[in-house]
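Below is one structure, written out as structure tokens; the observations come after it.
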Amino acid sequence: QVQLVESGGGLVQAGGSLRLSCAASGRTFRTYTMGWFRQAPGKEREFVAAISWSGGSTRYSDSVKGRFTISRDNAKNTAYLQMNSLKPEDTAIYYCAARRSPIVAEVDYDYWGQGTQVTVSS
């Protein structure tokens, strides 16, 4: 079992930056693929980024590629999402998720955090 707690959300102006953190419990964190998702009001949850257990493989949605960077520190049981050049359309609740499979993917995540709000003002 893995418990995930996100932090780092907030209000930022367009063009600004935020770094989200996802603290995980459990000794098996380093074996999980980690992902970030988001859900804007009135929209379905969508994939943002994912990273393999070693950090050697990453995947991004087209909407954030080149602006967001996913990373992880297995010694600290923490995953991160660095978000730069933020746009109003990035406003959403951001969720951290863990996937038991070592394959980096956009679906089939097993554990989810509660989410953290990111609001980008124009």
Side-chain angles (χ1 to χ4, degrees):
Q1 190 77 3
V2 175
Q3 291 185 327
L4 305 172
V5 179
E6 303 94 337
S7 63
L11 173 63
V12 64
Q13 288 187 331
S17 299
L18 282 175
R19 188 176 82 156
L20 305 183
S21 298
C22 173
S25 66
R27 294 175 295 175
T28 56
F29 170 80
R30 65 179 302 156
T31 66
Y32 288 92
T33 296
M34 298 300 297
W36 286 95
F37 294 76
R38 67 186 182 186
Q39 187 167 20
K43 296 186 177 181
E44 293 187 353
R45 186 169 59 193
E46 65 173 352
F47 169 79
V48 174
I51 187 167
S52 63
W53 69 270
S54 68
S57 178
T58 57
R59 179 180 293 186
Y60 297 92
S61 68
D62 288 342
S63 61
V64 307
K65 198 173 298 182
R67 300 188 297 122
F68 291 11
T69 303
I70 189 171
S71 61
R72 66 190 296 163
D73 185 338
N74 289 338
K76 295 182 178 179
N77 276 17
T78 303
Y80 304 96
L81 185 68
Q82 178 67 44
M83 306 185 295
N84 298 329
S85 302
L86 282 161
K87 305 175 181 179
E89 51 263 44
D90 294 318
T91 295
I93 298 174
Y94 283 71
Y95 298 91
C96 171
R99 187 168 188 264
R100 286 192 293 263
S101 169
I103 299 174
V104 176
E106 302 180 13
V107 297
D108 296 335
Y109 280 74
D110 302 293
Y111 305 103
W112 294 84
Q114 294 299 308
T116 185
Q117 176 71 48
V118 171
T119 303
V120 184
S121 63
S122 58

Using the rule that Ile, Leu, Val, Met, Phe, Trp and Tyr join whenever any side-chain heavy atoms are under 4.5 Å apart, tell me whether Tyr60 and Leu86 fall into a single cluster. yes
Could you list the residues that satisfy side chain to side chain donor-acceptor pair (under 3.5 Å) with Ser101, not counting sequence neighbours? Arg99
Identify whether Tyr94 and Phe37 are in the same connected component of the hydrophobic contact network (ILVMFWY, side-chain heavy atoms under 4.5 Å). no
Can you tell me how far apart CE (Met83) and CZ (Arg19) are? Round to the nearest 0.5 Å. 11.5 Å
Using the rule that two of Ile, Leu, Val, Met, Phe, Trp, Tyr join whenever any of their side-chain heavy atoms come within less than 4.5 Å, decide whether Trp112 and Phe47 are in one cluster. yes
For atom CD of Gln114, is the number of surrounding heavy atoms from other residues, nucleotides or ligands below 6.0 Å larger than 12? no
When you compare the side chain of Gln3 with that of Val5, does any pair of heavy atoms fall below 4.5 Å? no
Which heavy atom of Asn74 sits nearest a heavy atom of Phe29, and at what distance? OD1-CE2, 3.2 Å
Answer yes or no: is there a side-chain heavy-atom contact under 4.5 Å between Cys96 and Trp36? yes
Min side-chain heavy-atom separation Tyr109-Thr33 under 4.5 Å: yes
To the nearest 0.5 Å, tell me how far Glu6 CD sits from Ile93 CD1. 10.0 Å
Can you give me the closest heavy-atom contact between Leu20 and Gly9, atom names plus distance? CD2-N, 3.6 Å
Taking all atoms of both residues into account, what is the closest heavy-atom pair of Val2 and Ser25, and its distance? CG1-O, 3.7 Å
In one Ile/Leu/Val/Met/Phe/Trp/Tyr side-chain cluster, 4.5 Å: Val120, Val48: yes
Pairwise distance CD(Gln13) to OG(Ser122) - rounded to 0.5 angstrom: 9.5 Å
Measure across Asp73 and Tyr80 and return the closest heavy-atom pair with its distance rounded to 0.1 Å. CB-CE1, 4.1 Å
Determine whether Arg38 and Thr91 make a side-chain contact, defined as any pair of heavy atoms from C-beta on separated by less than 4.5 Å. no
How about Cys22 and Met34: do any of their side-chain heavy atoms sit closer than 4.5 Å? yes
Contacts under 3.5 angstrom, residues 64-71 side chains, donor-acceptor by atom type, not counting sequence neighbours:
unit_1: Lys65; atom_1: NZ; unit_2: Asp62; atom_2: OD1; d: 3.3
unit_1: Arg67; atom_1: NH1; unit_2: Ser85; atom_2: O; d: 2.9
unit_1: Arg67; atom_1: NH1; unit_2: Asp90; atom_2: OD2; d: 2.8
unit_1: Arg67; atom_1: NH2; unit_2: Ser63; atom_2: O; d: 2.9
unit_1: Arg67; atom_1: NH2; unit_2: Asp90; atom_2: OD1; d: 3.0
unit_1: Arg67; atom_1: NH2; unit_2: Asp90; atom_2: OD2; d: 3.4

Would you compute the distance between atom OG of Ser21 and atom CZ of Arg72 and round it to the nearest 0.5 angstrom? 13.5 Å
Looking at Tyr95 and Arg45, what are the two nearest heavy atoms and their distance? CD1-CD, 4.2 Å
Minimal non-hydrogen separation, Val104 against Ala50, with atom names: CG1-CB, 3.7 Å
